2 protein chains.
Amino acid sequence: MTLSTAFMDTGHDHANCMESALDRASALCGERGVRLTPLRRRVLELVWVGHKPLGAYEILDTLKAERRGAAPPTVYRALDFLLQHGLVHRIESLNSFVGCPDPLKPHGGQFLICRSCGLTAELNDHRIDQAIRNSANQAGFAVGRPMIEIEGLCPYCRDAGEGSP
Amino acid sequence: MTLSTAFMDTGHDHANCMESALDRASALCGERGVRLTPLRRRVLELVWVGHKPLGAYEILDTLKAERRGAAPPTVYRALDFLLQHGLVHRIESLNSFVGCPDPLKPHGGQFLICRSCGLTAELNDHRIDQAIRNSANQAGFAVGRPMIEIEGLCPYCRDAGEGSP
DNA sequence: CTAAAAATGTTACAATATAACATTATAGAC
DNA sequence: GTCTATAATGTTATATTGTAACATTTTTAG
């Protein structure tokens, strides 16, 4: 089977991946007339350090080493801003945050989350969305924001036999 | 449009609904040789008081009035048991718990959650599940437990114009 | 330059969840 | 029935996650 681009190749150029995410964020904020301040940019950078969701207090630990007086509101306010502008997603099942590779169109997230290594990929499959809307409509429900978090094994851990050793 | 059975009719016989849920739970525990103790049964009952997710500390508040020395572990342990046996689901986006109407076959939940009144319905639409598995397979991901929580408006609140007054 | 607004700093605390160990209740062996 | 191992619950303390409220600083707009 051919892998889609959902999961990053293990050896992908992450420096470039991260830089382009920050550039997109910068452009988006410019267009919207909102400010990607150094703090917000730094928090976004930290979230993009890996393709793995990061907890607010993990981010805080790093910030504390860099800024005097970083405290929970410091990071939660930055995250609120980034969430509002679709630059990060919150992973509800992990109380964690992950960078959004495509912040332009607002969307509830479809996430594949590896239970072994934490690697997380964001899908945006219209067929899933459509299946959900069909089913919700049948129930008379007006869909707002669908959230999909699928726990399982990423291609690398699956092939390594993780999860059933 | 005809409503499916996903959302309870406003006037449904909830006493019966709840009683049958408890009976199913009792039978299931009997078959599995595990004990639905008075405490566990009571917690399940509380979760079934409505078709709305309930927080652990809301349950605890009620328990405290009934048992001397009820504490967080009291309710979390009961909930762990109920979760393990599929008798309740955890709603990740609300840090809350809701009774499962069909505990026999294990399944990740598909939930429609009303942002206005909290009413929650559990779907189990094979087409949604299939769409997810197709997409995940394409990404080389081994699906474990899919979790779907869809925020929106239930039929009653939607018709009442809630959410856009 | 100055006033208003936005962002951040700071302190305190709320809400959710778990660890660790003591005690009580239950089931099964005998 | 009694004893013992196991399961369940009680109890205390604490960890983790997230917010409220107000002070200060920075930025923008006039």
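First the proteins, then the strands, lettered A, B, ... as listed; each starts at 1. Fair warning: this is a prediction, and the values are worked out from it, not measured in the lab. No hydrogens, no waters, no symmetry mates; every other heavy atom, side chains included, goes into these values.
The nearest whole Å value for the distance from the CZ atom in B/R41 to the P atom in D/dA8 is 17 Å. The CG-C1' distance, from B/L94 to C/dA17, rounds to 17 Å in whole Å. Between the C1' atom of D/dG18 and the CD1 atom of A/I91 lies a distance of 18 Å, rounded to the nearest Å. Atom pair B/F81:CZ and C/dT26:P shows a separation of 15 Å (rounding to whole Å applied). Taking atom NZ of residue A/K64 and atom C1' of nucleotide C/dT11, one finds them 14 Å apart after rounding to whole Å. A/L36 places its CG atom 14 Å from the P atom of D/dT27, with the value rounded to the nearest Å. The separation between A/E58 atom CD and D/dA15 atom C1' is 15 Å, rounded to whole Å. Rounded to an integer number of Å, the gap from CD of A/E92 to P of C/dA15 is 19 Å.
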Considering only nitrogen or oxygen atoms on both sides, find all protein atoms under 3.5 Å from nucleotides 8-10 of chain C and state each distance.
{"from": "C/dT8", "atom 1": "OP1", "to": "A/T37", "atom 2": "OG1", "distance (Å)": "2.6"}
{"from": "C/dG9", "atom 1": "OP1", "to": "A/R67", "atom 2": "NH2", "distance (Å)": "3.3"}
{"from": "C/dG9", "atom 1": "O3'", "to": "A/R68", "atom 2": "NH2", "distance (Å)": "3.1"}
{"from": "C/dG9", "atom 1": "N7", "to": "A/R77", "atom 2": "NH2", "distance (Å)": "2.5"}
{"from": "C/dG9", "atom 1": "O6", "to": "A/R77", "atom 2": "NH1", "distance (Å)": "2.9"}
{"from": "C/dG9", "atom 1": "O6", "to": "A/R77", "atom 2": "NH2", "distance (Å)": "3.4"}
{"from": "C/dT10", "atom 1": "OP1", "to": "A/R68", "atom 2": "NE", "distance (Å)": "3.2"}
{"from": "C/dT10", "atom 1": "OP1", "to": "A/R68", "atom 2": "NH2", "distance (Å)": "2.2"}
{"from": "C/dT10", "atom 1": "OP2", "to": "A/R68", "atom 2": "NE", "distance (Å)": "3.4"}

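Counting only distance, with no hydrogens or angles, the side chain of A/T120 and the backbone of A/G118 share a donor-acceptor pair below 3.5 Å. Distance alone, capped at 3.5 Å, is enough to place a donor-acceptor pair between the A/H107 side chain and the A/K105 backbone.
Under the 4.5 Å side-chain heavy-atom criterion for ILVMFWY residues, no single connected hydrophobic cluster contains both A/M147 and A/F111. In the hydrophobic clustering of ILVMFWY residues, with side-chain heavy atoms under 4.5 Å counting as a link, A/V34 and A/V43 come out together. Note: the hydrophobic cluster containing B/I91 does not contain B/F7 (ILVMFWY, side chain heavy atoms under 4.5 Å, direct or indirect links).
Remark: ring of B/Y57 stacked against base of C/dT16; centroid gap under 5.5 Å, plane tilt under 30°.
In summary, A/R90 and A/E92 engage in a salt bridge, as defined by a charged side-chain N under 4.0 Å from a carboxylate O. Ionic pairing of A/E151 and B/R145 is not present here: no N-O contact between side-chain nitrogen and carboxylate oxygen is shorter than 4.0 angstrom.
Side-chain contact annotation: A/T37 with A/R41, donor-acceptor N/O pair under 3.5 Å absent.
Residues B/D125 and B/D129 form no side-chain contact, since every pair of their non-hydrogen atoms from C-beta on lies 4.5 Å or further apart.
Residue B/Y76 places at least one side-chain N or O under 4.0 Å from the OP1 or OP2 atom of C/dA17.
Taking the C1' atoms of five terminal pairs at each end of the helix from C/dC1-D/dG30 to C/dC30-D/dG1, the two resulting helix axes are inclined by 30°, rounded to 10°.
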